[in-house]
Amino acid sequence: MAIEHLEHTADLGIRAIGATLEEVLCEAARGLFGLMLDVSAVRACQEYAVHIEADSDADLLVEWLADLLAQKELTGLVFSTFDIRIDRRGTVPRLDGVAVGETLDPVRHAPRIEVKGISYLGLDVRPVKDGWIAQCIVDV
Amino acid sequence: MNTGLQLERVASSEWILPRSGSMRVPGRIYADPETIAQLEDDVRNRAEWNALVQVRNVAALPGIVDAALALPDVHPGYGFPIGGVGAFDLDEGVVVVGGVGFDINCGVRLLATPLHRGIIEPLIDPLGEKLFQTVPAGLGAEGKLRLSIDEVDRLLEAGAAYVVKRGFGLLEDLPYIEEGGRLPAADPSAVSLRAKQRQFRQVGTLGSGNHYLEIQAVDEILDAEAASAYGLVPDQIVVSIHTGSRALGHQIGQDFLKEMTAASRKYGIPIPERELVCAPIGSPEGRRYLGAVACGANCAFANRQTIAHLVRRTFVEIAGLSAEEIRTVYDIGHNNVKVEEHTVNGATRPLLVHRKGSTRAFGPGRSESPEHYRSVGHPILVGGTMGTASYVMRGTERGMETAFGSGIHGAGRALSRKKAAKRFWGETVVSELAASGIRVWAHSKRGIAEEAPGAYKDVERVVGAAVDSGINRTVARLRPLAVIKG
């Protein structure tokens, strides 16, 4: 599993590499919160259950990250641990799982920068040799 | 190497990207040679994110009129380039989410005080410290004004006037906000419940990234007539507030990227890049988006109005001024889409103008400018870097004729945030700025590194190209004295 923060002149990008689609989506979520704060300082105290359907794996990445991002204002929660499964039996992929974290602590979490949205620019989710890749550019 | 993106220089700061392939109109780029060289290098090197390719893609959208424009602060965005302008025919054209972005109506408010640079020095530290404590900024910060869902709806309809009614600011501010601080097209029913809920505690927050609050001094008057109209004099202390529509705007952008993806398919619109998903302007989806964007814009006007009130309160407390002595010079956005009248090829007609990282810059005579500014045109507020300068500029006749009355919005980034964070160290940037008389208060030291003056283009070069191309004129240069960052 690996996460890389991509170069973009105005904004920031995330590229996750892992063994499975579930793994790269979780790693991308950790990468998203890693842009905003010290994700290693976020304790696993509260769970947020996620259920998302999207047209494609790439859309699933956008919807998943956008949903987690919105929780920052809706519940005050930020996340560091993720556990999801992807169900492909329906006509579109479905993600079910939990994000675990705690209320944002402006001191202990060492806030960095606010992410405004998950863009479609550079959006790429696909199987590669020995695993999967998931990447997107986020607006800051 | 023939990239299909060969620029033709037509003036010292103006290039044309001729029509080719699926382009419906040419591209027109106002920039200095150094910026153009960078754009061409990005094409040659097949850079992953590429502003010239984005100009070409915008030029291929249905109903685009005259040319896809890029202004001197151009750099890669998503869909539209930052510093991009696209005007569309109301019958044939489309409305594009990427032409506005996530931070709807992000913009700048300029406040003028009666204070003079000569007497401000002992007040800078207490003012900066108090502003840092008073204006919520940075990740997770919450505003003083808590809203219910009904109150959010009223704010989305009324814009800045809503928060004035709630005690944040003065009625006298409203005429000096673009569109009077309220876009009447706002349709709260087009905004998702999630977007409204995210805004409950966000009104009056600065945010982070390139958002800032600066105490500045008028360093030089460059256009006496316009400066006089705007009430600016040498060495005057002013305050700039750069922020946008906060979480509500972000969620509208996110929601409509998805909605417009479906609309693009429904209407069979060929999309050169996924961020350019769009809908016909008159379609139900297009109208809904325009109603939602107007809500986002009103939210941004209200946000800057609320922060302006907090700034006023601070100056009243620390500098002993009255609230009425702190005047709104102007408030203008640089991520928006609106219907405006423009003359193209001799015919005047309404067009839908997208400006992504570009301000409206209407020249003399337009009724949209405050009456007091009408003879010179309304101010354009150009954010520089925290170590250099910001500018007050204005529009021109030429800008009206060739750039849909548009202006630059800032210096424009030169380095990615990742490169800037590697090259600069937050503590060092703060101490270097302090040595040159600029005090910084920030919630994130890494944010300071990413926003270091060296991460941006030289604002003088960007402003110079806007002036040389004839689309904008300088009015006053502002030097930062104190900087508050998220």
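Here the structure is a predicted model, which is why all the values come from computation and not from measurement. The chains referred to below are lettered A, B, ... by the order of the sequence lines, with proteins before strands, and numbering in each begins at 1.
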Identify which part of [X] has an atom lying under 4.5 Å from any heavy atom of chain A, answering side chain, backbone, both or neither.
X	value
Leu415(B)	backbone
Arg417(B)	both
Glu142(B)	neither
Gln251(B)	side chain
Glu275(B)	both
Gln202(B)	side chain

Residue among [options] with most heavy-atom pairs under 4.5 Å to chain B:
options	answer
Leu74(A), Leu104(A), Leu6(A)	Leu74(A)
Ile118(A), Val140(A), Ile113(A)	Ile118(A)
Lys72(A), Met36(A), Lys116(A), Glu114(A)	Lys116(A)

N-O pairing of Glu63(A) and Lys258(B) below 4.0 Å: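 Salt bridge between Glu63(A) and Lys258(B), a charged N being under 4.0 Å from a carboxylate O: yes.
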With the threshold set at 4.0 Å, does a side-chain nitrogen-carboxylate oxygen contact exist between Arg446(B) and Asp38(A)?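 So Arg446(B) does not pair with Asp38(A) through a salt bridge.
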Enumerate the residue pairs fulfilling ring-ring contact (aromatic ring centres under 6.0 Å, His included) with a member in residues 115-140 of chain A, sequence neighbours excluded, ordered by first and then second residue.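 As it turns out, there is no ring-ring contact (aromatic ring centres under 6.0 Å, His included) pair with a partner in residues 115-140 of chain A once direct neighbours are skipped.
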Largest heavy-atom contact set with chain A, pairs under 4.5 Å, which of Gln197(B), Arg194(B), Glu273(B):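 So the answer, after comparing Gln197(B), Arg194(B), Glu273(B), is Arg194(B).
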Below 4.5 Å, heavy-atom pairs only: which of Gly249(B), Gly209(B), Ser444(B), Ser416(B) has the largest tally toward chain A?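 Ranked by heavy-atom pairs under 4.5 Å with chain A, first place is Ser416(B).
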Polar contact flag, side-chain donor to acceptor under 3.5 angstrom, His75(B)-Gln38(B):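 Note: His75(B) and Gln38(B) side chains miss the donor-acceptor criterion.
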Going by distance alone, is a donor N or O of one side chain under 3.5 Å from an acceptor N or O of the other, for Tyr456(B) and Glu451(B)?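 Indeed, the side chains of Tyr456(B) and Glu451(B) share at least one donor-acceptor pair under 3.5 Å.
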Nearest 0.5 Å, what's the CD1-CE distance between Ile269(B) and Met260(B)?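 The distance works out to 8.5 Å.
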Pairs of donor and acceptor atoms involving the side chains of residues 19-28 of chain A, under 3.5 Å and at least two apart or interchain, shall be tabulated with distances.
residue	atom	partner	partner atom	Å
Thr20(A)	OG1	Glu23(A)	N	2.9
Glu22(A)	OE2	Ile86(A)	N	3.0
Glu23(A)	OE2	Ala19(A)	N	3.0

